[in-house]
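Here's the structure, in structure tokens; my notes come after.
Start at 1 and go down the list; that is how both ligands and their atoms are numbered.
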Amino acid sequence: MADKTATLTVGDSSYEFPVLEGSVGPEVFDIRKLYGAAHMFTYDPGFTSTASCESALTYIDGEEGVLLHRGYPIGQLAEHSSFMEVSYLLLNGELPNQSELDGFARTISRHTMLHEQLATFYRGFRRDAHPMAIMCGVVGALSAFYHDSTDIADPEHRRISSHRLIAKMPTIAAAAYKYSVGQPMMYPDNSLSYTGNFLRMTFGVPAEPYEVNPVVEKAMDRIFILHADHEQNASTSTVRLAGSSGANPFACIAAGIACLWGPAHGGANEAALNMLREIGTPDKIPHYIERAKDKNDPFRLMGFGHRVYKNYDPRATVMQKTVREVFESLKVSDPLFETALRLEEIALSDPYFIEKKLFPNVDFYSGIILSAIGFPTTMFTALFALARTVGWVAHWNEMISDPGQKIGRPRQLYTGPVERDYVEMGKR
Ligand code: SDX
């Protein structure tokens, strides 16, 4: 029994619930027995105060702007680690030694190719299809390809499905880009790093050799680290809910991709750059700030605000630093970066944004650097999905391997008509 309990009093009835504490962060009321005891539900649309599960993967302190993956701060991982190493850490719980990391990277590289039949799936899309529409379709189609590993109760099947998903996302995303520009899809070159391979498949052409730029490779790898996982965000919760029914893992990840696409979530990086382009020059910023504050105007500052971070999103800090480093190193500049810096400065001194604790999030600066590297805006969320696949897969594994795992099935507050009899047509 938990040491602490919470008492809920409704009228003249009282109900006691255990209070559970994690290793760090808010405690929880364990209300699993609430309906049986009080015949009542909790009500929390948007899950602003609901812990949907227990997890050991990622911890966020929104007030302090803290993000830990298996206890390691995102700033340290972004500075010292690699996306392959962070992927290993999320999947296995500990940082790998050199041979573990080499073995993991080699295993992943063995799954980077797509089944040749899968390439034909791209042909079914219009050339101007949004890459996220293609990613949803192609990743979902992967569930029709692997009948050798569909027993999700088998840890070995889960392991190989996880590795296939992490390995194939760069190939799938790069192929979506190639299809949109009418260039031939590039096969992986496993002599390159995970991220270098992705850059070559995206920007290389069969007609000539492709030289991976180490500055771009390092920046891209860091961007993947920043997007790898983020606790129970909407798309991860989607993957967990889809997976809770025992669904095919590839289909579950396709569901996560669909959810991530929304502009309130992963689609914000595309929307943020489009917004900066619409604003154009810093002199236009005050007008857009007023629009963002106007309750009657649906316009929001894309890349600002967060459900959890009520302080600076630590990923945005690293992203801004990375923009500076890449621009200096590549000797490039983009007036939109100045506009973004000025917009942040003005917004963060405005009482509306201060009071509502609206800070730049991970999506605010990412579009600027992705655009500088050469990605079209429509690819930004596909890159987010590529990186977040390891987080989705790690959460899926954590949930499926929990012996207490049950299918997710929320209830509701019903406000529709109470029972009434059918009315014949002639009497309506
Ligand atoms: C991601 O969950 C995650 O961890 C997500 C993510 C991840 O890694 O998985 O971090 C990735 O999705 C980052 C968020 C990307 N989205 C955007 O940048 C879109 C713009 N931001 C928002 O729409 C909004 O801030 C959300 C969706 C991010 C958060 O919304 P909430 O928590 O539901 O908050 P809310 O919409 O209720 O807003 C609270 C108030 C509102 O005003 P009031 O109704 O209280 O008067 O703040 C205002 C909002 O109008 N507000 C904004 C705003 N965001 C919130 N006003 C202007 N511009 C904004 N961007």
Side-chain angles (χ1 to χ4, degrees), residues 44-52 55 57-63 65-69 74 78 86 90 132 223-240 256-276 278-279 285 287-319 340 343-344 346-348 350-367 380-381 383-392 394-395:
D44 185 15
F47 310 121
T48 49
S49 304
T50 294
S52 61
S55 178
L57 288 168
T58 288
Y59 172 70
I60 303 172
D61 181 331
E63 279 66 40
V66 169
L67 170 57
L68 309 176
H69 290 317
I74 190 65
V86 171
L90 284 167
M132 286 300 278
I223 290 169
F224 287 161
I225 291 172
L226 295 177
H227 289 82
D229 189 46
H230 211 239
E231 197 213 62
Q232 305 307 325
N233 59 87
S235 52
T236 298
S237 300
T238 300
V239 171
R240 278 181 172 261
I257 294 171
C259 177
L260 184 74
W261 191 2
H265 191 11
N269 53 17
E270 176 177 355
L273 194 73
N274 289 337
M275 174 192 74
L276 287 171
E278 186 185 333
I279 293 173
I285 290 173
H287 167 66
Y288 283 88
I289 294 269
E290 288 318 303
R291 283 192 60 193
K293 291 155 61 173
D294 178 357
K295 281 279 152 266
N296 301 318
D297 188 334
F299 174 80
R300 285 193 163 184
L301 283 188
M302 300 315 280
F304 265 77
H306 200 277
R307 169 63 57 75
V308 178
Y309 288 122
K310 299 311 169 192
N311 195 319
Y312 216 86
D313 180 337
R315 301 168 298 174
T317 311
V318 178
M319 196 66 84
L343 173 57
E344 175 188 344
I346 295 172
L348 297 191
D350 184 296
Y352 174 91
F353 291 89
I354 295 168
E355 179 226 319
K356 293 188 186 300
K357 301 181 185 303
L358 301 175
F359 293 88
N361 57 49
V362 68
D363 294 312
F364 185 58
Y365 288 105
S366 55
F380 292 177
T381 312
L383 301 175
F384 194 150
L386 186 168
R388 185 53 56 87
T389 295
V390 66
W392 290 332
H395 280 276

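Between the side chain of Asp313 and the backbone N or O of Pro360 there is no donor-acceptor pair closer than 3.5 Å.
Under a 4.0 Å criterion applied to the non-hydrogen atoms of Ala268, ligand 1 contributes the atoms 15 (C), 16 (N), 17 (C), 18 (O). Listed by number with element, the atoms of ligand 1 under 4.0 Å from a non-hydrogen atom of Arg307 are 29 (C), 31 (P), 32 (O), 33 (O). Those atoms of ligand 1 with a heavy atom of Gly305 less than 4.0 angstrom away are 25 (O), 28 (C).
Distances from atom 39 (C) of ligand 1 to the protein include no heavy-atom value under 4.0 Å. Within 4.0 Å of atom 16 (N) of ligand 1, at least one protein heavy atom is present. The nearest protein heavy atom to atom 26 (C) of ligand 1 is not closer than 4.0 Å.
Where the criterion is an N or O separation shorter than 3.5 Å, residue side chain and backbone included, Phe304 meets it with respect to ligand 1. Between Lys295 and ligand 1, an N or O atom pair is found at a separation short of 3.5 Å. Remark: ligand 1 and Val362 share no N or O pair separated by less than 3.5 Å (distance only, no angle test). Geometrically, ligand 1 and Gly303 share a nitrogen or oxygen pair separated by less than 3.5 Å.
Nearest protein heavy-atom contact of atom 2 (O) of ligand 1 is Asn233 CB, 3.4 Å. In this structure, the protein non-hydrogen atom closest to atom 4 (O) of ligand 1 is His230 ND1, 2.5 Å. Annotation: atom 49 (C) of ligand 1 to nearest protein heavy atom, Arg300 NH2, 3.0 Å. Counting protein heavy atoms only, atom 14 (C) of ligand 1 is closest to Asn361 ND2, 3.5 Å. Of all protein heavy atoms, the one lying nearest to atom 10 (O) of ligand 1 is His306 NE2, 2.6 Å. Given atom 58 (N) of ligand 1, the protein heavy atom at minimum distance is Leu301 N, 3.1 Å. Among all non-hydrogen protein atoms, the one lying nearest atom 19 (C) of ligand 1 is Met302 CE, 3.5 Å. Shortest contact from atom 57 (C) of ligand 1 to any protein heavy atom: Ala292 O, 3.7 Å.
Distances from atom 56 (N) of ligand 1 to the heavy atoms of Tyr352, Tyr288, Tyr309, Phe353 put Tyr352 nearest.
Side-chain contact check for Ser366 versus Phe380: every heavy-atom pair is 4.5 Å or farther apart. Contact check for His395 versus Gln232: side-chain heavy atoms found under the 4.5 Å cut-off. Side chains of Ile289 and Phe353 form a contact here, defined as non-hydrogen atoms less than 4.5 Å apart. Residues His230 and Val362 have side chains not in contact (no heavy-atom distance under 4.5 Å, counting atoms from C-beta outward).
Seen from the ring of Tyr352, Lys356 counts as a face-on cation partner, given the 6.0 Å and 45° thresholds.
In terms of heavy-atom proximity, Leu67 sits nearest to Pro314 at CB-CG, 3.9 Å. The nearest pair of heavy atoms linking Ala228 to Leu90 is CB-CD1, 3.9 Å. Closest of all the heavy-atom pairs between Tyr288 and Glu278 is OH-OE2, 3.0 Å. For the residue pair Asn361 and His306, the shortest heavy atom distance occurs at CB-CD2, 4.3 Å. Closest approach of Leu301 to Ala292, counting heavy atoms only: CG-CB, 3.9 Å. The two atoms that bring Glu231 and Thr58 nearest to each other are N-CG2, 3.6 Å, heavy atoms only.
For the ligand labelled ligand 1, residue Pro263 lies inside the 4.0 Å heavy-atom shell. The closest approach between Phe299 and ligand 1 stays at or above 4.0 Å for every heavy atom of the residue. Residue Gln232 places every heavy atom at 4.0 Å or more from ligand 1. Ligand 1 lies less than 4.0 angstrom from a heavy atom belonging to Arg388.
Arg291 contributes atom CZ, which lies 14.0 Å from atom NZ of Lys293 (distance to the nearest 0.5 angstrom). Distance check: Arg315 CZ to Ile74 CD1 gives 8.0 Å after rounding to the nearest 0.5 Å.
The side chain of Leu358, and not its backbone, has at least one atom closer than 4.0 Å to an atom of ligand 1 (non-hydrogen atoms only; side chain from C-beta on). Contact annotation for Arg315 and ligand 1: only side-chain heavy atoms (C-beta onward) come within less than 4.0 Å of the ligand. The side chain of Lys356, and not its backbone, has at least one atom closer than 4.0 Å to an atom of ligand 1 (non-hydrogen atoms only; side chain from C-beta on).
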Stepwise side-chain contact (heavy atoms from CB on, under 4.5 Å) check, Leu348 with Phe359: CA-CA 7 Å; Leu348 297 191; Phe359 293 88; 4.0 Å; yes
